[in-house]
Amino acid sequence: MPPATPELISPRSPRVAAARRLAKRNFRGKERLFLAEGPQAVREAAGHRAGDAATLVELFATLEAAERYADIVGEARDAGARVHLASEQVIADISTTVTPQGLAGVCRFLDTPFEEVLAARPRLVALLANVRDPGNAGTVLRCADAAGAEAVVLTDASVDVYNPKAVRASVGSLFHLPVAVGVPVEQAVEGLRAAGVRVLAADGAGDRDLDDELDKGTMGGATAWVFGNEAWGLPEETRALTDAVVRVPIHGKAESLNLATAAAVCLYASARAQRAAGGCRSVTGN
């Protein structure tokens, strides 16, 4: 397959240097661009649009990857992205992974204004309050997508969702559902509640048990789950903002659940209760 542009041999190429800088948050914010690495993320980026604008604007691919993933490269070109055949050294220089898969895409920011999230009257939302680990943030986003949530909201104290580790951990889910970023936790809770959404804090020290809530039939309405910091959970002032603090029951001897596992349990519990309450949703399809 002939290259769209001459092979980028030197890591000192200006385009390579510009892509490499996107590993740093301040450059991402300035350019409103981020990196999507690997075939899954690039495929999802190539198929995503925000209004009239394609999300994927540039793709770097080794010759081997361009041949192996010819369909993805074709989708990228069809989306209007500039495609560059690059040496393995160039891909390694751009990539933030130890073992790059030969594809690295430059994408436009795709976050959704919080007001648009509320206007859509969401039934299931994941709210990340002070979540600092990018891998956890991306995994929770993936769980929310799998459970059929309509949105993910990251507070202003949370990690950058465009961190390369967060993008990788989302495994393409970043491109599937609205994500609002930089929202103060008080504004997020108040806005969701005003939109008719019950706001629940997920906390191991909660005074309500998730199983009991399911048995009582209280989980069938529109719900936002608030997930806190990996190490210390949710502070009292955040828990006080919510409608209830709910714990996931530990039936065995485990001390606790990690953030992503607890998020998956809570989100799926709500998704199932909502579906049972009125057939309003499905976690397996539209």
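Keep in mind that what you see is a predicted model, and the values were worked out from it rather than measured.
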Mark yes when over 12 heavy atoms from residues, nucleotides or ligands other than R239 sit less than 6.0 Å from its CZ; otherwise mark no. yes

Has E237 got more than 12 heavy atoms of other residues, nucleotides or ligands less than 6.0 Å from its CD? yes

From [atom1] ([X]) to [atom2] ([Y]), nearest 0.5 Å:
| X | Y | atom1 | atom2 | result |
| --- | --- | --- | --- | --- |
| F227 | L127 | CZ | CG | 9.0 Å |
| F60 | R20 | CZ | CZ | 10.5 Å |
| L200 | C266 | CG | SG | 8.5 Å |
| L124 | Y268 | CG | OH | 10.5 Å |

Quick one: do the R28 and N26 side chains pair a donor with an acceptor below 3.5 Å? no

Distance-only donor-acceptor check, side chains T139 and N136, under 3.5 Å: no

Determine all donor-acceptor pairs shorter than 3.5 Å in which one atom belongs to a side chain in residues 187-194; sequence neighbours excluded.
residue: R193; atom: NE; partner: D243; partner atom: OD1; Å: 3.1
residue: R193; atom: NH2; partner: L241; partner atom: O; Å: 2.5
residue: R193; atom: NH2; partner: D243; partner atom: OD1; Å: 3.4

D111 (side chain) donor-acceptor with A180 (main chain) under 3.5 angstrom: no

Check the angle between the aromatic planes of F109 and F34 and answer parallel, tilted or perpendicular using the 30° and 60° thresholds. tilted

Decide yes or no for V152 and L177: does some side-chain heavy atom of the first lie under 4.5 Å from some side-chain heavy atom of the second? yes

Is there a side chain to side chain contact (heavy atoms under 4.5 Å, CB included) between M219 and R198? Walk through the geometry before answering. CA-CA 9 Å; M219 302 291 295; R198 185 182 184 217; 4.2 Å; yes

